[in-house]
**Student:** 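Starting off with a structure, shown below.
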Amino acid sequence: MLKKTSLFLIFMEGVLFFFTLGKNPIKEYDKKFRKKTDAERIAQDWRNVGNDIRTAYEKYKEQTK
């Protein structure tokens with residue numbers, strides 16, 4: 001849960017952006033919280049590959065029974 005001061009700061013960032021005195025708060029939030037490093041993306045790719053192999057193996061085991 002956000003504190004009242006955090007909500008006030010978010011509000012003020014929006015007001016500053018409205019008057020073109022500050023950066024776009026939505027883009028700043030996106031950069032801050034959604035940015036992943038290349039290593040994190042590569043690790044996620046390998047998890048996806050492993051899950052795909054696991055799923056394919058389980059389907060193969062079901063068909064060979």
**Student:** Test of understanding: clusters of I, L, V, M, F, W, Y form through side-chain heavy atoms closer than 4.5 Å, transitively. Do F18 and L16 belong to the same one?
**Tutor:**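 Same cluster: F18 reaches L16 through Ile, Leu, Val, Met, Phe, Trp or Tyr contacts under 4.5 Å.
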
**Student:** Taking all heavy atoms of R47 and all of E40, pick out the closest pair and write down the distance.
**Tutor:**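 Nearest pair, atom of R47 first, then E40: NH2-O, 4.3 Å.
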
**Student:** Let me check something: do F11 and F17 share a hydrophobic cluster, defined by ILVMFWY side-chain heavy atoms less than 4.5 Å apart, either directly or through other members?
**Tutor:**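 Per the 4.5 Å side-chain linkage, F11 and F17 are not co-clustered.
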
**Student:** Are any non-hydrogen side-chain atoms of V49 and D45 less than 4.5 angstrom apart?
**Tutor:**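 Of all side-chain heavy-atom pairs linking D45 with V49, none is under 4.5 Å.
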
**Student:** Is it true that K61 and E58 make a salt bridge, defined as a side-chain N closer than 4.0 Å to a carboxylate O?
**Tutor:**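 E58 and K61: salt-bridged.
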
**Student:** To the nearest 0.5 Å, what is the distance between OH on Y57 and CD on E62?
**Tutor:**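 Here the interatomic distance stands at 11.0 Å.
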
**Student:** Where do R41 and Q44 land on the side chain to side chain donor-acceptor pair (under 3.5 Å) test, with the steps shown first?
**Tutor:** CA-CA 5 Å; R41 290 182 179 162; Q44 184 60 47; over 6 Å; no

**Student:** Output yes when a side-chain donor or acceptor of Q63 lies under 3.5 Å from a complementary backbone atom of Y60, and no otherwise.
**Tutor:**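 Absent.
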
